[in-house]
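Heads up, the thing below is written out as structure tokens.
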Amino acid sequence: MSQAIVEIKDVTFSRGEKTIYKNMSFSVPKGKITAIMGPSGIGKTTMLRLIGGQLKPDSGDILFEGKSIPSMTRAALYDARKNMSMLFQSGALFTDMSVFDNIAFPLREHTTLNEELIRLVVLMKLQAVGLRGARDLMPSELSGGMARRVALARAIALDPELIMYDEPFAGQDPISMGVLVKLIKSLNEVLGLSSLIVTHDVTEVLSIAEHVIIIAEQGVIGSGTAQEMLAHRSPLVQQFLQGLSDGPVPFHQPANPYEQELLSGGAV
Amino acid sequence: MINFFQKLGHKTLSRFASLGRSTSMLFGALVNMPNIRKGTPLLIRQLYMIGHQSLLIIMVSGLFIGMVLALQGYTVLVGYGAEDSLGPLVALSLLRELGPVVTALLFAGRAGSALTAEIGLMKATEQLSSLEMMAIDPLKRVIAPRFWAGFISMPLLALIFSAVAILGAHLVGVDWLGVDSGSFWSIMQAQVSFEKDILNGIIKSFVFALVVTWIALYKGYDCIPTSEGISKATTETVVHSSLAVLGFDFLLTAVMFSG
């Protein structure tokens, strides 16, 4: 495997009483599209927040470009974050700024470019996502799919090494879904960056992902190429990829036996 | 019984934890001031949103409170033939107490609740997280300008409140009820001391500004990012800051004026 941009080593993380990950390890190869999949509620977004340094693991280490994120000082962490960006599920555009200013924002904060150059960069980024015509709109005037594309343009404004996508396809109509799939793939190729997609939309992501990691039961249950995953022997992987309602992940929440509960008259 | 102590202990612990979080938030916002070139436009915008937008309610309330104060004061004073003292009565009660306190209460309702709701929604829509991921500290970018704007505008609003209220009292006392204008102003001038009354009032205002803005910002920053959480946080801002203002007012009055 080529060099890794992110390495997760023996990470354990719990929230309150609930253990989310137990000694989990995997790595995200450089320059490829990697997908992290798993049933909802498994803590996929938490994974991205751990990589971004917004949360700290209970034990284990997370390396970004070879440097340990959890043990960084605040200043070093903020420096490292300039090389990664994250596309939030909601887009998280700043609602008090226009589309143009939203994309110009990281440039104005982190670079010393003058306004003329910033204008050029913003227009180039908007052209890449096909929304140059929407530069003067406010975020409230955008549809969900457009907001996500604007957020994507903002995420690539500083030319990061790594983009993390949090559920980029959730709640999108088939057309915007297709547009996003194409964008993620072409941006990854053209800009030579690494992409990490967290999702449970199997078909979309398997069509573009070069490396797939499936998380369930507090750890990685399978990883490899899309073909390897489709041929994986684990019943859990198969249940997830084929979307079966019952299997190793049961349809029913654990509860008392059905008859007992119905006949007890609420006295359980 | 044990349950009671357990609950009490749990509550105390969570109060202290929240005090710690709020202090670290304020500390994080105030150390390493943002640079002047980027910070000034943000501060000016917040001064406009927080200070200027509160002007109308402050001035209207001031006018009416001044008028009512004059009316009530006059009916009592005239019984002793002391209606000439209406000027100092109104001025002292406004500058020492009503100006800072009522302004702080109005400010908590008008600007504090708006601050909490705005920051709570920024948190709920992941705007604060996304700032962090863009390597921009939300404490410096979002919290600090709002804190300074509140801290600067509230004492100014309190002074405007007192000034408008004194004019309102003049309107009722002198123009309507017939108190002599000369004695209204001259006795007021003779009785009001700059250090003891005006300065102490301003100090009170700064303390209230710190308390109200801090509570409003913290409640928004620490809220549970759901619609229910934000509505609860907004209510708590108004209730907690109003109570804190009244409590601090008593303490400060005891220190400043009892000696």
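Reckoned from all heavy atoms, side chains included, excluding hydrogens, waters and symmetry mates.
- Only the side chain of A:M164 comes within less than 4.5 Å of a heavy atom in chain B; its backbone stays farther off.
- Put simply, the side chain of A:R81 does not reach to within 4.5 Å of the side chain of B:M134, judged on heavy atoms.
- Minimum interatomic distance between A:Y78 and B:A135 (heavy atoms only, all atoms of both residues): O-CB, 3.1 Å.
- Other residues, nucleotides and ligands contribute over 12 non-hydrogen atoms within 6.0 Å of the CE atom of A:M177.
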Check against side-chain contact (heavy atoms from CB on, under 4.5 Å), A:T95 and B:M122: CA-CA 9 Å; A:T95 41; B:M122 287 176 93; 6.0 Å; no
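- Applying the side chain to side chain donor-acceptor pair (under 3.5 Å) criterion to B:R141, with sequence neighbours excluded, gives A:E109.
- B:S129 places none of its side-chain heavy atoms less than 4.5 Å from the side chain of A:M86.
- Only the backbone of A:R108 has a heavy atom closer than 4.5 Å to any heavy atom of chain B.
- In the displayed structure, B:I203 atom CD1 is contacted under 6.0 Å by more than 12 heavy atoms of other residues, nucleotides or ligands.
- Here the OG-CE distance, from A:S85 to B:M133, works out to 7.5 Å after rounding to the nearest 0.5 Å.
- More than 12 heavy-atom neighbours from other residues, nucleotides or ligands sit within 6.0 angstrom of NZ on A:K82.
- To the nearest 0.5 angstrom, A:D166 atom CG is 12.0 Å from B:S130 atom OG.
- Minimum heavy-atom separation, A:F105 to B:L131: CE2-CD2, 3.5 Å.
- With a threshold of 4.5 angstrom between heavy atoms, A:L77 does not approach chain B through any atom at all.
- B:E126 and A:Q89 form no side-chain donor-acceptor contact under 3.5 Å, judged by distance and modelled atom types alone.
- Nearest heavy-atom pair across B:R45 and A:D96 is NH2-OD2, 3.8 Å.
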From CA spacing to verdict: side-chain contact (heavy atoms from CB on, under 4.5 Å), B:Q127, A:L93: CA-CA 7 Å; B:Q127 293 183 44; A:L93 295 173; over 6 Å; no
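- The main-chain N or O of B:I136 is never found under 3.5 Å from a side-chain atom of A:H110 such that the two would form a donor-acceptor pair.
- Put simply, the side chain of B:D137 reaches to within 4.5 Å of the side chain of A:R74, judged on heavy atoms.
- Summarising the local packing, CZ of A:R132 is surrounded by 12 or fewer heavy atoms from other residues, nucleotides or ligands at distances under 6.0 Å.
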